[in-house]
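These notes concern the structure reproduced below.
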Amino acid sequence: MSTAESSKPVNFIHQIVEKDLQQGTHDGRVVTRFPPEPNGYLHIGHAKSICLNFGTAEKYQGACNLRFDDTNPEKESQEYIDSIIRDVNWLGYQWQGEVRYTSDYFQQLHDWAVYLIEQGKAYVCDLSPEQAKEYRGNFTTPGRNSPFRDRSVEENLALFARMKNGEFAEGSCSLRAKIDMQSPNMNLRDPMIYRIMHTRHHQTGDQWCIYPMYDFAHGQSDAIEGVTHSICTLEFEDHRPLYEWFIENLPVPCAPKQYEFSRLELNYTITSKRRLKQLVDEAHVAGWDDPRMPTISGLRRRGYTPAALREFCDRVGVTRSNGVVDMGMLEAAIRDDLDKTAPRAMCVVRPIKVTLTNYPADQQEWFELPNHPKDETMGQRQVPFSANLLIEEEDFAEEPPRKWKRLAPGEAVRLRGAYVITCNEVIKDAEGNVVELKCSYDPDTKGSNPEGYKPNGVIHWVCAQHSVPCEVREYDRLFTVENPAGDKERDFLECINPDSLVVLNNSRCEIGLQGAAVESRFQFERTGYFAVDADSTAEKLVFNRTVTLRDSWK
RNA sequence: UGGGGUAUAGCCAAGCGGUAAGGCAACGGGUUUUGAUCCCGUCAUGCGGAGGUUCGAAUCCUCCUACCCCAGCCA
């Protein structure tokens, strides 16, 4: 097979980069940037952008900057900055140099605004927000020129200086680029480039009371940093002509190019910052890092690995078409990773007592089980065994359905890594609930099956005394419908899955898990992948179910 | 409604004029002391629709349709 046949397809952004490299555009440099506004926590959609930007730099020996697009201090905070830095780091990417802020460039941006005024390409407009809206026109009606459009350079310079000096109230005037009020592209109808905002900024304090708009800040910041490929999402497509207008009309050091790709959309969840914030603020979840949240920090706490998230982004691909990715793809990615890397252990989530009537009551033995069925480098572990055991409630059925491969009256199953047992007696409480199973074990089945004998199933178990009490949090998808935010009739909050979290307090895991580190991950055999939650204490381990095992039993 | 985009299987996605990759899901079968993993197989005479160009079209042309984005002093 040739390398061409075996190599993975190259996404359209990478095709552009390769062509640029080939033609020597941007002097052969590849510089990207991940530019979040610090107004919320990063979510799975951002992961796609992070992977694309950092991944592109990595692939082509370029560099990627981390820049906070902090032009609107009203919505931003240091908490968000800290969380974003943490999340990008956790995903395993390293940015070039220091973390950058658009606010680092406020002076330069201001000077360029002055430059535009001097060139007669920007003016101070006294139209109120309402009037400006009216003058802008709409899709079918062209806009009209502002009555302040033809102020002299001198007047504009003076007015802009007074804006900057805090002489005007918010909303009383703004600086606008003089482009084309008739343009079919609304972004070109004399866009606002500076507004007055008497708000303290988390980085620059009270230094400024005028702040640049996104359009005026973004491209120029890219240029300042020497960005070559400015990758953003599709909704900024209409902004590209404006992005280019500023680059062409300002004495910027280089000419970055903007490219757009489609946002990641996942079913059974939401990625709107507004709604995620609402879930947190109204306490529908425990916080931004609640394991049910599609945030990076939530996924991390849920037990997802950076490798799985990166693999997922890779599998999803990069295109310009809007689609909705199935949650199953995300789950497949984490299963693939954890199957290879997570040590196995046994944990009985919903215990039911099993007493071995023919096993000496005072006897105890230890079995040696592999930590991984295929990877012997992961070593072995010791698991204690005695006459008093615990098995999973759902592994016993008084009246087993067809093809049942678990325990039932009169039937035998293997206790994983130990003996084959047979259920002889079912003990119930006053309400008729099964509370204990009296079983007998077969000493000849220790470790392996005798000649010609094979029980029809294998179940997990734990020693009643020598096991560790723990709390298990079974997480499921947060919403019951594919597109929670897509229903005009029903608020997304009404679509929250009432069973998205089930807490079990009587679970017991094998002794070796005692003291397991927060964030360590395990496969609880036959039940799923679990990660140790930060809520764990010395007295009680808390496990989060990351994802169940695939279950093909119907 | 003016402008800008996008349509390939249930979902994501390759393809760039030479006869429809791959992944997820699903469905069969094999191995298995996890109903897991792993392995093998099936899954688009078809590329939003209709015309056209061509020996040959998912790829080029024309028209049509559907969906997404834009009328913040948000990003």
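Below, chains carry the letters A, B, ... as their sequence lines are ordered, and counting in each starts from 1.
Taking 4.5 Å as the limit, every side-chain heavy atom of A/Val348 sits out of range of all side-chain heavy atoms of A/Asp395.
Under 3.5 Å, the side chain of A/Gln15 and the base of B/C16 form at least one donor-acceptor pair of N or O atoms. With hydrogens and angles ignored, no donor-acceptor pair under 3.5 angstrom links the side chain of A/Arg526 to the base of B/G35. Remark: the A/Asp238 side chain and the B/G3 base include a donor-acceptor N/O pair separated by less than 3.5 Å. For A/His460 against B/A36, no side-chain N or O and base N or O form a donor-acceptor pair under 3.5 Å.
Not one side-chain nitrogen or oxygen of A/Arg550 sits closer than 4.0 Å to the OP1 or OP2 atom of B/G35. Taking 4.0 angstrom as the limit, A/Gln182 places none of its side-chain polar atoms (N or O) nearer than this to OP1 or OP2 of B/G3. The phosphate of B/C73 (OP1 or OP2) has a side-chain N or O of A/Arg136 nearer than 4.0 angstrom. Taking side-chain N and O atoms only, A/Arg315 has no distance below 4.0 Å to OP1 or OP2 of B/C12. Contact between the side-chain N/O atoms of A/Arg195 and the OP1/OP2 oxygens of B/A75 is found at a separation under 4.0 Å. Between B/U6 and A/Thr319, no contact under 4.0 Å exists linking OP1 or OP2 to a side-chain N or O. Contact annotation: A/Arg344 side-chain N/O to B/U34 OP1/OP2 distance is not under 4.0 Å. At the phosphate of B/C74, neither OP1 nor OP2 sits under 4.0 Å from any side-chain N or O atom of A/Thr71. Phosphate contact (OP1/OP2 of B/A13, side-chain N/O of A/Ser321, threshold under 4.0 Å): present.
Protein atom NZ of A/Lys75 is 9 Å distant from nucleotide atom C1' of B/G72, rounded to whole Å. Protein atom CZ of A/Phe396 is 18 Å distant from nucleotide atom P of B/G35, rounded to whole Å. In this entry the distance linking CZ of A/Arg176 with C1' of B/G72 reads 13 Å, nearest Å. The CG atom of A/Asp126 sits 15 Å away from the P atom of B/C73 (whole-angstrom rounding). Taking atom CD of residue A/Glu331 and atom P of nucleotide B/C12, one finds them 17 Å apart after rounding to whole Å. Atom pair A/His239:NE2 and B/G5:C1' shows a separation of 14 Å (rounding to whole Å applied). One can place CG of A/Asn449 at 11 Å from P of B/U32, the figure rounded to the nearest angstrom. As a whole-Å value, the separation of A/Asn11 CG from B/A21 P is 21 Å.
Partners of A/Tyr101 according to the side chain to side chain donor-acceptor pair (under 3.5 Å) rule, which considers only residues two or more places apart in sequence or in another chain, do not exist here.
Each of B/C24, B/U1, B/G3 was ranked by its minimum atom distance to the side chain of A/Pro184; first place goes to B/G3. Closest to the side chain of A/Lys133, from the set B/G72, B/C69, B/A14, is B/G72.
An aromatic stack links A/Phe139 and the base of B/C70, using centre distance under 5.5 Å and interplanar angle under 30°. A stacked arrangement is not assigned to A/Tyr214 and the six-membered base ring of B/A75, the conditions of a centre distance below 5.5 Å and an interplanar angle below 30° not being jointly met.
A/Arg414 comes within 4.0 angstrom of a nucleotide base, judged by non-hydrogen atoms across all strands.
The same atom, P, is picked in B/G30 and in B/G51; the two are 48 Å apart, to the nearest Å. Taking atom C1' in both B/U54 and B/U8, the straight-line distance is 22 Å, to the nearest Å.
Counting heavy atoms of neighbouring residues, nucleotides and ligands inside a 6.0 Å radius, atom NZ of A/Lys178 exceeds 12 of them. Atom CZ of A/Arg477 has more than 12 heavy atoms from other residues, nucleotides or ligands within 6.0 Å.
Taking the six-membered ring where the residue is Trp, A/Phe522 and A/Phe524 present parallel rings, their angle staying beneath 30° rather than reaching 60°.
In this structure, SG on A/Cys51 lies 13.0 Å from NE2 on A/His46, to the nearest 0.5 angstrom. We find the CZ-CG distance between A/Arg414 and A/Asp442 to be 9.0 Å, quoted to the nearest 0.5 Å.
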Give me, pair by pair, the N or O atoms of the protein and of nucleotides 40-44 of chain B that are less than 3.5 Å apart, along with how far apart they are.
none

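The backbone N or O of A/Thr102 lies less than 3.5 Å from a partner atom in the side chain of A/Asp70, making a donor-acceptor pair.
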